Amino acid sequence: MGAWTSHELATIAQTDELRIASRRPDGTLRPWVTIWVAREGDDIYVRSAHGVDNPWFRRASRSGRGRVSAGGVERDVVLELVPADAAEHPRIDAELHAKYDRYGPAYVGAITGASTYEGTFQVVPE
């Protein structure tokens, strides 16, 4: 697998929304879903705002692959589930709060805190 370039990381970090499309079994892309995104160090993370039962999250979990687009960056990616007890979750929360708190607690609360951790993907370039 590849790595994000410093330009890609900076662009994604500065862009409010990321579009993500998981792959179908035949390899074609599903429709784009718009989602908030966090950069933590050299890694990119997304969380399902409505938990693991959200249809896009279930499809992405089954597929494990897709494509993302944000701020002119577009890459094929692997979607790796982050264990709910992983040490990086508080840092991801901090990044999400710093980036999105201006939208209010109802929105940011849907993607932060221990109850959201099991719905987290690390987005890794292919």
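Treat the numbers as computed from the prediction; the structure is a model and nothing was measured.
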Show your working on side chain to side chain contact (heavy atoms under 4.5 Å, CB included) between Val108 and His97 and close with a plain yes or no.
CA-CA 7 Å; Val108 179; His97 279 293; 3.4 Å; yes
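- Glu8 contributes atom CD, which lies 11.0 Å from atom CZ of Arg39 (distance to the nearest 0.5 angstrom).
- Transitive grouping of hydrophobic side chains (ILVMFWY, heavy atoms separated by less than 4.5 Å) brings Leu96 and Val82 into a common cluster.
- Residues Gly51 and Phe57 come closest through the heavy atom pair O-CB, 4.1 Å.
- Among residues at least two apart or in separate chains, there is no ring pair (Phe, Tyr, Trp, His ring centres under 6.0 Å) pair with a member in residues 4-24.
- Atom-to-atom distance recorded for Lys99:NZ and Thr15:OG1 is 6.5 Å, nearest 0.5 angstrom.
- Cluster membership check: Val37 does not share its hydrophobic cluster with Tyr117, using side-chain heavy-atom separations under 4.5 Å among Ile, Leu, Val, Met, Phe, Trp and Tyr.
- Closest non-hydrogen pair, Pro25 versus Arg30, comes out as CD-NH2, 4.4 Å.
- The hydrophobic clustering, which links ILVMFWY residues whose side-chain heavy atoms are closer than 4.5 Å, places Tyr45 and Leu81 together.
- Rounding to the nearest 0.5 Å gives a distance of 12.5 Å between CG of Leu29 and CZ of Arg65.
- Pro90 and Ala86 get closest at one heavy-atom pair: CD-O, 4.4 Å.
- Panel note: side chain Arg47, backbone Ile111; a donor-acceptor pair is recorded below 3.5 Å.
- To the nearest 0.5 Å, atoms OG1 (Thr112) and OH (Tyr107) are separated by 14.5 Å.
- Cluster membership check: Leu79 shares its hydrophobic cluster with Val73, using side-chain heavy-atom separations under 4.5 Å among Ile, Leu, Val, Met, Phe, Trp and Tyr.
- The backbone N or O of Ala60 lies less than 3.5 Å from no partner atom in the side chain of Ser63, so there is not a single donor-acceptor pair.
- Across all non-hydrogen atoms, the minimal contact from Ala70 to Ile12 is CB-CG1, 4.2 Å.
- For the ring pair (Phe, Tyr, Trp, His ring centres under 6.0 Å) condition, the pairs that include at least one residue of residues 13-43, sequence neighbours left out, are Trp36-Tyr100, Trp36-Tyr103.
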Using the side chain to side chain contact (heavy atoms under 4.5 Å, CB included) rule, take Val123 and Arg75 through it: C-alpha gap first, then chi angles, then the decisive distance, then the call.
CA-CA 10 Å; Val123 182; Arg75 293 283 301 262; over 6 Å; no
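- Salt bridge annotation for Arg67-Glu74: present, with a cationic side-chain nitrogen under 4.0 angstrom from a carboxylate oxygen.
- Residue Asp43 forms a side-chain contact (heavy atoms from CB on, under 4.5 Å) with just one option from Glu88, Gln122, Arg91, and that option is Gln122.
- Between the side chain of His50 and the backbone N or O of Pro55, no donor-acceptor pair lies under 3.5 Å.
- Scanning both residues, Glu95 and Ala38, for their nearest heavy atoms gives CB-CB, 4.1 Å.
- We find the CD1-CG distance between Ile35 and Asp16 to be 13.5 Å, quoted to the nearest 0.5 Å.
- Side chain of Thr28 to main chain of Arg24: no donor-acceptor pair is present (N/O by atom type, distance under 3.5 Å, no hydrogens or angles).
- Here the CG atom belonging to Leu9 is positioned 11.0 Å from the CD atom belonging to Glu40, to the nearest 0.5 angstrom.
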May I have the step-by-step check of side chain to side chain contact (heavy atoms under 4.5 Å, CB included) for Trp56 and Ser22, ending in yes or no?
CA-CA 8 Å; Trp56 83 263; Ser22 61; over 6 Å; no
Determine whether Phe121 and Ser61 satisfy the following criterion, side chain to side chain contact (heavy atoms under 4.5 Å, CB included), listing intermediate values before the conclusion.
CA-CA 9 Å; Phe121 286 123; Ser61 294; 3.5 Å; yes
